[in-house]
Participant: 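Here you go, one structure.
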Amino acid sequence: MTVARINRISEFEGKTVQLNGWVYNSRRSGKIGFLMFRDGFGIMQCIVAKNDVGEEAFEVFKSLTQESSLSVVGEVVKNDRAPGGFEMVVSELMVHQLSSEYPITPKEHGTDFLMNHRHLWLRSKRQHAILKVRHEIIKAVRDFFDSNDFTLCDSPIFTPNAAEGTSTLFGTDYFGNTAFLAQTGQLYGEAAAMAVGRHYNFGPTFRAEKSKTRRHLTEFWMVEPEIAYCEIDENMNWAERLILFIIERVLENRKNELDVLERDLGKLEHIKAPFPRLSYTECVELLNKGGINFTWGDDFGAPEETFIGEQFNQPVMVHRFPTAIKAFYMKRDPENEKVVLGMDVLAPEGFGEIIGGSERETEINLLEDRIKDEELNQADYEWFLDLRRYGSVPHSGFGMGIERVVAWICNLPHVRETIPFPRTIGRLNP
RNA sequence: UCCGGUAUAGCUCAGUUGGUUAGAGCAGCGGACUGUUAAUCCGCGUGUCCGUGGUUCGAGUCCACGUACCGGAGCCA
């Protein structure tokens, strides 16, 4: 018997096939049953009529509970009354396991309850759609870099040093020493870029920030390209092209999932280059003109990011931030030493920062000074300083948080639904 | 960490100025129905009212502390 998958069910119209899966929901109207059947690839309505399957099999159907596992055999037919346009007229049912008292009903539940049952919640239509979009975004990211001659070089998760200050690091015992979980792969990325020219790194990162917001996780996935012989404007070009490529791919392949999520596609279709590029100083002027009191030198908070984003309805690239609020490795602007050549990308619709990056400092003396200023241990960074001793070149890169991009593309209010098993300050389970 | 809010049935919630026996919908179980779309209709049940202490003749209701969760801030991707 041919085993079909629901996402390709139209190829099997008129044929008798088997489906392997689970009960999503079932309804009955006398001697005809409607089985919403989930196979992991999609959901399809299966018709179980007593006259077709016989008394015994109909009793089996009646005993099915939500999320029981089973296989069904039947003919695939077109029918406009069925959600999705196709349904199966069942001739045979094979139960693998009857589940009992599945906790997640088709009715409403609270966030905490659902998060406690995250391992089961993933089966629901909405969460399934998010998983598919997340996958599409990750695949787009990799395809984008792979097709532009970038080389993936994985950076370590255990690290001896801090890239961006020590207060937000998770420490673990490493044979009597402390190892920190990587909060970025960037310093290793710079080493890789000097080896392969164009590099990207993609992996989990860890931040022990005690942040309790809709935009923070303690464990999140980040893609970090690093490019040799690349200055800040070209860096922004790469970020712009990457975002456009992701949106194009998702609109091409995941419209159904975005429909399930009730995403307004117009807002995504409307995104096009060039994205507005504003210096930090120009943003401060924009904020003050807009009636938001903001002092030059402070870092943008969520309200400021939202305001700037709302002025354009496009991703906005902000560049040249005050030196004091940015990491030690960012290059000072040769035209104004109060600012560094950093750049952030703010997503529209109030989703805030999705990318942070910069042109990197190339002068070893300036780096050593900044390491001292930040009270970092220079010995930990000697290998990194070697990159400036042996063939230092202008180079740039950025980091893009996958979960924030997924939240924006799917229009989700909170990043906790963008990753299969979120880790936040208050949650380590399941 | 700070500010605000919530905690009552398996789930989502209501519960009046403090008053005697704490409710509804859904889920579950049984029944009716051959085109349902979170189906509908009939019948059946469930409680450490988050914990501890206090005020009171009397506390689910008021007060204090604790805990958990939700929303926001700071910080960041």
Side-chain angles (χ1 to χ4, degrees), chain A residues 24-36 43-53 58 62-63 65-66 77 79-84 87 89 99-117 124-126 163-165 167-168 183-186 202-224 239 298-306 321 325-327 342-347 351-357 398-408 413-416 418-419 424-427:
Chain A
Y24 195 71
N25 198 0
S26 75
R27 289 180 278 273
R28 227 174 346 128
S29 184
K31 298 184 180 69
I32 184 167
F34 302 90
L35 177 64
M36 298 308 291
I43 295 178
M44 188 168 77
Q45 175 163 282
C46 296
I47 305 300
V48 186
K50 197 172 185 176
N51 288 346
D52 297 341
V53 297
F58 197 71
K62 279 163 72 175
S63 75
T65 50
Q66 201 187 347
V77 299
N79 193 325
D80 291 338
R81 288 174 294 187
E87 63 184 19
V89 180
S99 82
S100 74
E101 297 185 46
Y102 185 71
I104 301 175
T105 68
K107 298 290 175 177
E108 44 186 326
H109 299 282
T111 307
D112 192 41
F113 177 83
L114 289 169
M115 275 300 170
N116 285 334
H117 296 86
S124 74
K125 226 185 246 178
R126 247 184 95 79
E164 297 175 354
S167 63
T168 61
Q183 57 183 176
T184 168
Q186 128 125 50
F202 181 56
T205 48
F206 306 88
R207 305 221 175 148
E209 292 158 3
K210 292 186 175 172
S211 305
K212 243 186 80 172
T213 79
R214 61 176 65 185
R215 301 169 53 223
H216 285 86
L217 297 166
T218 54
E219 178 181 317
F220 66 97
W221 286 69
M222 187 154 67
V223 60
E224 297 174 284
D298 290 346
D299 210 350
F300 296 138
E304 288 80 23
E305 288 185 354
T306 302
F321 291 89
I325 59 171
K326 288 294 177 182
M343 64 99 175
D344 284 357
V345 179
L346 308 180
F351 281 91
E353 185 179 346
I354 53 173
I355 284 178
F398 58 87
M400 184 177 79
I402 292 295
E403 287 74 19
R404 288 188 179 176
V405 174
V406 176
W408 167 44
H414 201 299
V415 290
R416 66 186 157 212
T418 64
I419 185 167
T424 62
I425 183 171
R427 182 171 295 280

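These values consider heavy atoms only, across backbone and side chains, with no hydrogens, waters or symmetry-generated copies. Lettering follows sequence order; numbering is per chain, from 1.
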Participant: How close or far is atom C1' of rA77(B) from atom CG of Leu346(A), stated in whole angstroms?
Facilitator: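 These atoms are roughly 12 Å apart.
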Participant: I'd like the C1' distance from rU56(B) over to rA14(B), given in whole Å.
Facilitator: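 It works out to 26 Å between them.
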Participant: Any heavy-atom pair between the side chains of Gln66(A) and Pro106(A) that's under 4.5 Å?
Facilitator: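 Yes, their side chains come closer than 4.5 Å.
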Participant: Just the rounded figure in Å: distance from C1' of rA73(B) to NZ of Lys210(A).
Facilitator: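 Checked: the NZ to C1' distance equals 16 Å.
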Participant: Report the distance from atom CD1 of Ile425(A) to atom C1' of rC69(B), rounded to the nearest whole Å.
Facilitator: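 One finds 13 Å between C1' of rC69(B) and CD1 of Ile425(A), rounded.
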Participant: Can you tell if the side chain of Trp221(A) reaches within under 4.5 Å of the side chain of Thr205(A), non-hydrogen atoms only?
Facilitator: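 Result no, sub-4.5 Å side-chain heavy-atom pair not found.
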Participant: Is rC62(B) paired to anything, Watson-Crick or G-U wobble with both distances less than 3.5 Å, and if yes, which nucleotide?
Facilitator: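 Per the H-bond distance test, rG54(B).
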Participant: Below 3.5 Å between N/O atoms, which protein atoms pair up with nucleotides 10-12 of chain B? Just atom names and distances, please.
Facilitator:
residue	atom	partner	partner atom	Å
rC11(B)	O2'	Glu108(A)	O	3.0
rC11(B)	O2'	His109(A)	ND1	2.7
rU12(B)	OP1	Gly110(A)	N	2.9
rU12(B)	O2'	Glu108(A)	OE1	3.4

Participant: Please name the nucleotide paired to rU21(B) by Watson-Crick or G-U wobble geometry with both distances under 3.5 Å, or report none.
Facilitator: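 Its partner: none found.
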Participant: Roughly, in whole Å, what's the span from CD in Glu304(A) to P in rA73(B)?
Facilitator: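 Result: 10 Å.
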Participant: Does Gln45(A) or Met115(A) map to a spot on RNA chain B nearer the 5' end, using the closest nucleotide for each?
Facilitator: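 Checking each residue's closest nucleotide, the 5'-ward one belongs to Gln45(A).
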Participant: Can you check whether any acceptor in the base of rC69(B) is under 3.5 Å from a donor in the side chain of Arg427(A), or vice versa?
Facilitator: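 No such pair is found, so the answer is no.
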Participant: Could you report the tightest heavy-atom contact between Phe58(A) and Val48(A), atom names first, then the distance?
Facilitator: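 Of all heavy-atom pairs spanning Phe58(A) and Val48(A), the closest is CE1-O, 3.4 Å.
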Participant: Please give the distance between the P atoms of rG15(B) and rG28(B) as a whole number of Å.
Facilitator: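 Pairwise P distance, rG15(B) against rG28(B), rounds to 27 Å.
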Participant: Closest approach to the side chain of Asp112(A), judged atom by atom: which nucleotide of rG35(B), rC69(B), rA73(B) is it?
Facilitator: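 Output: rC69(B).
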Participant: Which of these nucleotides, rA73(B), rC76(B), rU36(B), is closest to any side-chain atom of His216(A)?
Facilitator: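 Looking only at heavy atoms from C-beta outward on His216(A), the closest nucleotide is rC76(B).
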Participant: Determine whether Ile355(A) and Met343(A) make a side-chain contact, defined as any pair of heavy atoms from C-beta on separated by less than 4.5 Å.
Facilitator: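 A side-chain contact under 4.5 Å exists here.
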Participant: Base, sugar-phosphate or nothing for Thr213(A)? Non-hydrogen atoms, less than 4.0 Å.
Facilitator: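 Base contact.
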Participant: When you compare rC70(B) with rG25(B), how far apart are their C1' atoms, in angstrom units rounded to a whole number?
Facilitator: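 Each nucleotide's C1' atom is 23 Å from the other's.
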Participant: Please report the distance, rounded to the nearest Å, between CG in Asn116(A) and P in rC70(B).
Facilitator: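 Interatomic distance, CG of Asn116(A) to P of rC70(B): 9 Å.
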Participant: Report yes or no: is there a donor-acceptor pair, N or O only, under 3.5 Å between the side chain of Gln66(A) and the base of rG28(B)?
Facilitator: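 Under the 3.5 Å cut-off, the side chain and the base do not form any donor-acceptor pair.
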Participant: Taking the side chain as every heavy atom from C-beta outward, state whether Arg81(A) and Glu87(A) have any pair of such atoms under 4.5 Å apart.
Facilitator: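 Counting from C-beta outward, Arg81(A) and Glu87(A) never come under 4.5 Å.
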Participant: How far, in whole Å, is rA7(B) from rA64(B) if one measures between their P atoms?
Facilitator: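 Going atom to atom, P in each nucleotide, I get 16 Å.
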Participant: Provide the Watson-Crick or G-U wobble partner of rA68(B), both distances under 3.5 Å; none if there is no partner.
Facilitator: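 Base-paired to rU6(B).
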Participant: Over how many whole Å does the gap from Ile355(A) atom CD1 to rC76(B) atom C1' extend?
Facilitator: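 Taking atom C1' of rC76(B) as the reference, CD1 of Ile355(A) is at 15 Å.
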Participant: Whole angstroms only, please: what is the CD-P distance between Gln183(A) and rC76(B)?
Facilitator: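 Nearest whole value for this atom pair: 11 Å.
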Participant: Do the side chain of Glu305(A) and the main chain of Glu353(A) share a donor and acceptor less than 3.5 angstrom apart?
Facilitator: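 Checked: pair present.
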Participant: What's the shortest heavy-atom distance between His216(A) and Ser211(A), and which atoms?
Facilitator: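 Shortest heavy-atom contact: CG-CB, 3.4 Å.
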Participant: Ignoring the backbone of Arg207(A), work out which of rA77(B), rC75(B), rG35(B) is nearest its side chain.
Facilitator: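 Selected nucleotide: rA77(B).
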Participant: Could you go over nucleotides 29-32 of chain B and give all protein N or O partners under 3.5 Å, atom names and distances?
Facilitator:
none

Participant: Once the angle between the rings of His109(A) and Phe113(A) is folded into 0 to 90°, is it parallel (under 30°), tilted (30 to 60°) or perpendicular (over 60°)?
Facilitator: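 His109(A) and Phe113(A): parallel rings.
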Participant: For Ile32(A) and for Val415(A), find the nucleotide of RNA chain B with the closest heavy atom, then tell me which residue's nucleotide is more 5'.
Facilitator: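 Going by which nucleotide is closer to the 5' end, it is Ile32(A).
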Participant: If I compare all heavy atoms of Gln45(A) with all of Met36(A), which pair ends up nearest, and what's the gap?
Facilitator: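 Looks like OE1-SD, 3.8 Å.
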Participant: Under 4.0 Å from OP1 or OP2 of rG71(B): is there any side-chain N or O of Arg215(A) that close?
Facilitator: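 Answer no for this pair, as no side-chain N or O of Arg215(A) is under 4.0 Å from OP1 or OP2.
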Participant: According to salt bridge (charged side-chain N to carboxylate O under 4.0 Å, His left out), who are the partners of Glu219(A), at least two apart in sequence or on a separate chain?
Facilitator: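 Listed in chain order: nothing, the list is empty.
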Participant: Are the side chain of Arg207(A) and the backbone N or O of Thr168(A) linked by a donor-acceptor pair below 3.5 Å?
Facilitator: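 A pair under 3.5 Å: no.
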Participant: Please report the distance, rounded to the nearest Å, between CD in Glu209(A) and P in rA73(B).
Facilitator: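 After rounding, the gap between these two atoms is 14 Å.
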Participant: What's the closest nucleotide to the Phe220(A) side chain, out of rA77(B), rA73(B), rC76(B)?
Facilitator: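 Given the options rA77(B), rA73(B), rC76(B), the side chain of Phe220(A) is closest to rA77(B).
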Participant: Nearest to the side chain of Leu217(A), which nucleotide is it out of rA77(B), rG74(B), rC76(B)?
Facilitator: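 From the listed options, rA77(B) comes nearest.
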Participant: Please determine, for rC29(B), whether a Watson-Crick or G-U wobble partner exists with both distances under 3.5 Å, and give it or none.
Facilitator: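 Across any shown strand, rC29(B) pairs with rG43(B).
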